[in-house]
Amino acid sequence: MDERRTRRVSEAVREELIELIGFEMADPRLLPVEVNLVHVSPDGRHAHVIIEVRGDEKIQRDAFAALEHAQPYLRHQLARRLTLRRVPELHFEADLGSSSEDRLERLLARARKTRGHDEKLPTK
């Protein structure tokens, strides 16, 4: 798969997983789960799903157990919804650097940098 197709497939898988996990599954252990990012391998066989789980360690363990249990169902639903030659095997990973405060700080720092560069540019 070329790089653009890999990005498009990754985004399509992410959107479908957000829909499935967030709105269509009835397991209460999945309520604090948020899908942040999906990386599909170039051959399309594996998808690394980066998720954030709000809550303490027990809630996180329960959420990962629920995701692992639901993996065949999620993969089957992806096969039904997306027209892919090969439906990727899902691997769930915790997003370690994405607490909301950290993310907000990174976005503000990026905005400050961009703003500083824009102010230094000469106006015509």
Side-chain angles (χ1 to χ4, degrees):
M1 233 184 301
D2 69 350
E3 187 178 330
R4 283 181 289 164
R5 178 163 167 72
T6 303
R7 280 196 310 257
R8 284 195 328 260
V9 170
S10 296
E11 185 62 25
V13 169
R14 185 182 77 85
E15 289 174 3
E16 290 300 330
L17 286 175
I18 288 171
E19 185 76 21
L20 285 164
I21 294 170
F23 301 107
E24 296 180 18
M25 294 185 71
D27 192 337
R29 299 176 294 175
L30 295 176
L31 290 175
V33 172
E34 183 178 325
V35 178
N36 287 345
L37 193 61
V38 174
H39 293 291
V40 175
S41 65
D43 63 359
R45 291 177 188 254
H46 301 277
H48 294 277
V49 182
I50 311 298
I51 63 166
E52 180 180 351
V53 182
R54 296 175 301 282
D56 62 7
E57 192 174 318
K58 182 186 180 326
I59 292 173
Q60 292 177 3
R61 278 195 315 267
D62 291 346
F64 273 100
L67 286 169
E68 289 301 322
H69 179 73
Q71 195 262 358
Y73 170 77
L74 292 170
R75 198 166 175 221
H76 176 73
Q77 289 299 316
L78 289 174
R80 291 182 63 209
R81 295 170 182 222
L82 301 174
T83 54
L84 298 174
R85 288 185 207 129
R86 203 177 281 135
V87 178
E89 190 174 318
L90 302 174
H91 305 281
F92 297 101
E93 302 171 13
D95 190 356
L96 301 176
S98 172
S99 73
S100 57
E101 295 87 17
D102 292 341
R103 187 167 189 271
L104 183 60
E105 286 300 319
R106 285 194 311 264
L107 291 173
L108 287 172
R110 186 183 311 158
R112 284 187 208 111
K113 282 182 185 177
T114 304
R115 183 173 163 208
H117 289 299
D118 290 344
E119 291 174 356
K120 294 177 186 174
L121 293 176
T123 58
K124 292 182 182 180

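For reference, positions follow the sequence shown, starting with 1.
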Can you tell me how far apart CD (Q71) and NE2 (H91) are? Round to the nearest 0.5 Å. 7.5 Å

Candidate pair F92 and L74, rule side-chain contact (heavy atoms from CB on, under 4.5 Å), full reasoning: CA-CA 12 Å; F92 297 101; L74 292 170; 3.8 Å; yes

How close do V38 and S10 get, counting heavy atoms only, and between which atoms? O-CB, 3.2 Å

Counting N and O atoms only, with roles assigned by atom type, does the side chain of R75 sit under 3.5 Å from a partner on the main chain of P88, one being a donor and the other an acceptor? yes

Looking at D27 and R29, is there a salt bridge between them, counting it only when a charged N and a carboxylate O are closer than 4.0 Å? yes

Are I59 and V49 in one and the same hydrophobic cluster, where Ile, Leu, Val, Met, Phe, Trp and Tyr link if side-chain heavy atoms are under 4.5 Å apart? yes

So, are R7 and E11 salt-bridged, with charged N and O less than 4.0 Å apart? no

Test of understanding: clusters of I, L, V, M, F, W, Y form through side-chain heavy atoms closer than 4.5 Å, transitively. Do F64 and L90 belong to the same one? yes

Supply the atom-to-atom distance R86 CZ to S41 OG, rounded to the nearest 0.5 angstrom. 8.5 Å

Indicate every side-chain donor-acceptor pair of residues 16-25 with a distance under 3.5 Å to a residue at least two apart or in another chain.
{"from": "E16", "atom 1": "OE1", "to": "R81", "atom 2": "NH1", "distance (Å)": "3.1"}
{"from": "E24", "atom 1": "OE1", "to": "R81", "atom 2": "NH2", "distance (Å)": "2.4"}
{"from": "E24", "atom 1": "OE2", "to": "R81", "atom 2": "NH2", "distance (Å)": "3.2"}

Note: V53 and Q60 closest approach over all heavy atoms is O-NE2, 3.4 Å

Please name the pair of heavy atoms, one in L82 and one in A12, separated by the smallest distance, quoted to 0.1 Å. CD2-CB, 4.1 Å

Kindly check if the number of other-residue, nucleotide or ligand heavy atoms within 6.0 Å of NE2 (H69) is above 12? no

Single-linkage hydrophobic cluster, 4.5 Å side-chain cutoff, V35 and L37 together: no

V9 and V40 have their tightest heavy-atom pair at CG1-CG2, 4.0 Å

Begin with the C-alpha distance, continue with both residues' side-chain angles, and end with the deciding distance and a verdict on salt bridge (charged side-chain N to carboxylate O under 4.0 Å, His left out) for K58 and D56. CA-CA 6 Å; K58 182 186 180 326; D56 62 7; over 6 Å; no

Testing the basics here: between R14 and N36, what is the closest heavy-atom pair and its distance to 0.1 Å? CD-O, 3.6 Å

Contact between L67 and L30 at the side-chain level, heavy atoms closer than 4.5 Å - yes or no? yes

For a quick test of reading the model, state the closest non-hydrogen atom pair linking H48 to E93 and the distance between them. ND1-OE2, 2.7 Å

